[in-house]
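Data first, discussion second: the structure below is written as structure tokens.
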Amino acid sequence: MTELRRPQELLARIRAVHEAIRTSVIEACEAASVDEMARVVGDEAGDTVFAIDRVSERVLVEHFTLIAQDWPCLLVAEGLGHTGRKVLPEGIAEDDVEIIAIVDPIDGTRGLMYQKRPAWVLTGIAPRRKTPPTLADVELAVQTELPLVKQHLCDTLWALAGEGAFAERFDRVRGTRAALPVRPSRSATIEQGYGGIARFFPGSRAVMAAVDDAVVERVLGVGQPGRAQAFEDQYISSGGQLYELAMGHDRWVADLRPLLEPSLRASGRPASLCCHPYDLSTELVAREAGVLVTDPQGERLSAPLDVTTDVAWVGYANPAIRRQVEPALRLALEEQGLRSRP
């Protein structure tokens, strides 16, 4: 059970923040051109900031300023300068906060700003303890879909530690809400299913593609001519990837970009943009739904709640998929000279 004070009330307040961000982002996308939303306006906390990001960041700070009147908090998020940290209400010491809120106001900015694919608002809440908090300390999580302008249905998922995962589908046209089942795939095999390794950006895609191919071939064998064994979906949103696992759309996902950093540095090439803890702030939702989320060594994610740490992770829809994929994945990484930790 969660240690958070008045968790259901806090959950409702976080959901209200997400809905306010959703409304503002949709209105901005409807009013501005793609080029305007995709304009680069800064570079903070290890990632590029686009004009569309500023819309969500303003709403985020406004609403958390109000939440902090009841739950003094340390807000950790993109868009809060290079530290990515802000204590609320202003004037109190960080040691006096009650909760740590780690947020990605728009996870999947690039897909949304070009109106290619929905993005997500992600929030994880951890109670403040004496030891520095990690992803393993998150006890409340909410993720809310930021739909494309042409999309009238959008989902919200949430979880409290130990209480399972829940979801709701909102109809923007009718203004109605309906409960949505959260159920990862029960298939015992990756055959004819979606899954794979993230390789979003140029510079290191060949290595990860080789690992991906090796995993599938080791698990399913050599394919037959003219037939597909499995499929992949490069969703440039960690929250979106977790959603696909939790809803039964994907059977496994691995984002291993940090493992490439030593070889990239050795060859004089720049390190890749990697997943950060705020991108995985709603990992609790997937885990409460039954998804197995681990680091490359198979352990629970325990990255600090900050905006700079690079995180590698793997998600399996169920234990059978994990038993099928994990040994093949580790062997394929070894064959490419990649250690489970950078």
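Listed by first and then second residue, the ring pair (Phe, Tyr, Trp, His ring centres under 6.0 Å) pairs that reach into residues 101-122 are W120-Y243, sequence neighbours excluded.
Residues F64 and L11 share a single hydrophobic cluster, defined by chaining ILVMFWY side chains whose heavy atoms lie under 4.5 Å apart. Under a hydrophobic clustering in which Ile, Leu, Val, Met, Phe, Trp and Tyr are joined whenever their side-chain heavy atoms come within less than 4.5 Å, directly or via other members, L220 and V325 fall into the same cluster. Linking Ile, Leu, Val, Met, Phe, Trp and Tyr whenever their side-chain heavy atoms come within less than 4.5 Å puts L280 and V76 in one cluster. Cluster annotation: V285 and L160 are assigned to distinct hydrophobic clusters (Ile/Leu/Val/Met/Phe/Trp/Tyr, side-chain heavy-atom contacts under 4.5 Å, transitive). Following chains of ILVMFWY side-chain contacts shorter than 4.5 Å, one cannot reach V61 starting from L122, and the two form parts of different hydrophobic clusters.
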- Item | R257/D255 under salt bridge (charged side-chain N to carboxylate O under 4.0 Å, His left out): CA gap, chis, key distance, verdict | CA-CA 6 Å; R257 286 173 282 171; D255 186 343; 2.6 Å; yes
- Apply the test side-chain contact (heavy atoms from CB on, under 4.5 Å) to residues V55 and E27: give CA-CA distance (whole Å), side-chain angles for both, the deciding distance (0.1 Å), then the verdict. CA-CA 10 Å; V55 176; E27 290 175 351; over 6 Å; no
- Task: Evaluate salt bridge (charged side-chain N to carboxylate O under 4.0 Å, His left out) for R287 paired with E283, printing each intermediate quantity in order.
- Result: CA-CA 6 Å; R287 189 157 34 82; E283 174 263 351; 2.7 Å; yes
- Task: Test side-chain contact (heavy atoms from CB on, under 4.5 Å) on I14 and W158 and set out the steps.
- Result: CA-CA 10 Å; I14 298 300; W158 64 91; over 6 Å; no
- Could you walk me through whether T156 and H18 pass the side-chain contact (heavy atoms from CB on, under 4.5 Å) test, one step at a time? CA-CA 9 Å; T156 297; H18 282 214; 5.7 Å; no
- Can you check side-chain contact (heavy atoms from CB on, under 4.5 Å) on Y235 and H249, steps first, answer last? CA-CA 12 Å; Y235 193 168; H249 304 162; over 6 Å; no
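Between the side chains of Y278 and E78, a donor-acceptor pair is found at a separation under 3.5 Å. Using a 3.5 Å distance cut-off with no hydrogens or angles, the side chains of E19 and T144 do not pair a donor with an acceptor.
The heavy-atom pair separating S185 from D250 by the smallest distance is CB-O, 4.4 Å. Across E232 and Y194, no two heavy atoms sit closer than the pair O-CE2, 3.4 Å. Among all heavy-atom pairs drawn from G298 and R322, the shortest one is O-NH2, 3.1 Å. The minimum heavy-atom distance linking L245 with G315 is given by the pair CD1-CA, 3.9 Å. Heavy atoms only, all atoms of each residue included: S237 and G108 are closest at CB-CA, 3.9 Å. Pairing each heavy atom of E261 with each of C274, the nearest pair is OE2-SG, 3.3 Å.
Looking at P147 and L153, their side chains never come closer than 4.5 Å, going by heavy atoms from C-beta outward. You'll find the side chain of F50 reaches within 4.5 Å of the side chain of V40, heavy atoms only. Side-chain contact between P72 and D96 is absent, with no heavy-atom pair separated by less than 4.5 Å. Put simply, the side chain of L256 reaches to within 4.5 Å of the side chain of P296, judged on heavy atoms. Annotation: side chain of V291 is not in contact with side chain of L242 (no heavy-atom distance under 4.5 Å). Put simply, the side chain of V103 does not reach to within 4.5 Å of the side chain of V17, judged on heavy atoms. At a threshold of 4.5 Å between non-hydrogen side-chain atoms, the residues L75 and L80 count as touching. Between L146 and R22, some side-chain heavy-atom pair lies under the 4.5 Å cut-off.
Checked against ring pair (Phe, Tyr, Trp, His ring centres under 6.0 Å), Y316 has no partners two or more places apart in sequence or in another chain.
In this structure a side-chain-to-backbone donor-acceptor pair under 3.5 Å is missing from E191 to A230. Remark: the backbone N or O of V219 is not paired with any side-chain donor or acceptor of Q324 at under 3.5 angstrom. Distance alone, capped at 3.5 Å, is enough to place a donor-acceptor pair between the D107 side chain and the G239 backbone. For the pair D279 (side chain) and H276 (backbone), a donor-acceptor distance under 3.5 Å is present. Looking at Q115, its side chain does come within 3.5 Å of a backbone N or O of L112 through a donor-acceptor pair. Side-chain atoms of R251 come within 3.5 Å of backbone N or O of T189 as a donor-acceptor pair. Using modelled atom types, one side-chain atom of S263 and one backbone atom of L260 make a donor-acceptor pair closer than 3.5 Å. Listed for the S56 side chain is a donor-acceptor partner under 3.5 Å among the backbone atoms of D53. Judged purely by atom type and a 3.5 angstrom limit, R172 uses its side chain to pair as donor or acceptor with the backbone of V149. Between the E217 side chain and the D212 main chain, no donor and acceptor come within less than 3.5 Å of each other.
Remark: Q192 CD to S187 OG distance equals 10.0 Å, nearest 0.5 Å. Distance check: R39 CZ to M113 CE gives 12.0 Å after rounding to the nearest 0.5 Å. Between the OG atom in S272 and the CG atom in D310 there is a gap of 8.5 Å [rounded to 0.5 Å]. Distance CD/E98 to CG/L74: 13.0 Å, rounded to 0.5 Å. With rounding to the nearest 0.5 angstrom, the CG atom of L10 is 9.5 Å from the CG atom of D70. To the nearest 0.5 angstrom, I125 atom CD1 is 12.0 Å from T282 atom OG1.
Within a 6.0 Å radius of CZ in R186, other residues, nucleotides and ligands contribute 12 heavy atoms or fewer. The 12-atom threshold is exceeded at CD of E30, counting heavy atoms of other residues, nucleotides or ligands nearer than 6.0 Å. In the displayed structure, R183 atom CZ is contacted under 6.0 Å by at most 12 heavy atoms of other residues, nucleotides or ligands. Counted within 6.0 Å of CZ on R218, heavy atoms from surrounding residues, nucleotides or ligands total more than 12; the atom is thus considered enclosed. Annotation for R269: atom CZ does not count as buried by contact number, only 12 or fewer foreign heavy atoms lying within 6.0 Å.
The only option from K130, R128, R129 that meets the salt bridge (charged side-chain N to carboxylate O under 4.0 Å, His left out) definition with D137 turns out to be R129.
Between R5 and E9 there is no salt bridge, since no side-chain nitrogen of the basic residue lies less than 4.0 Å from a carboxylate oxygen of the acidic one. Salt bridge E334/R330: absent, no basic N to carboxylate O contact under 4.0 Å.
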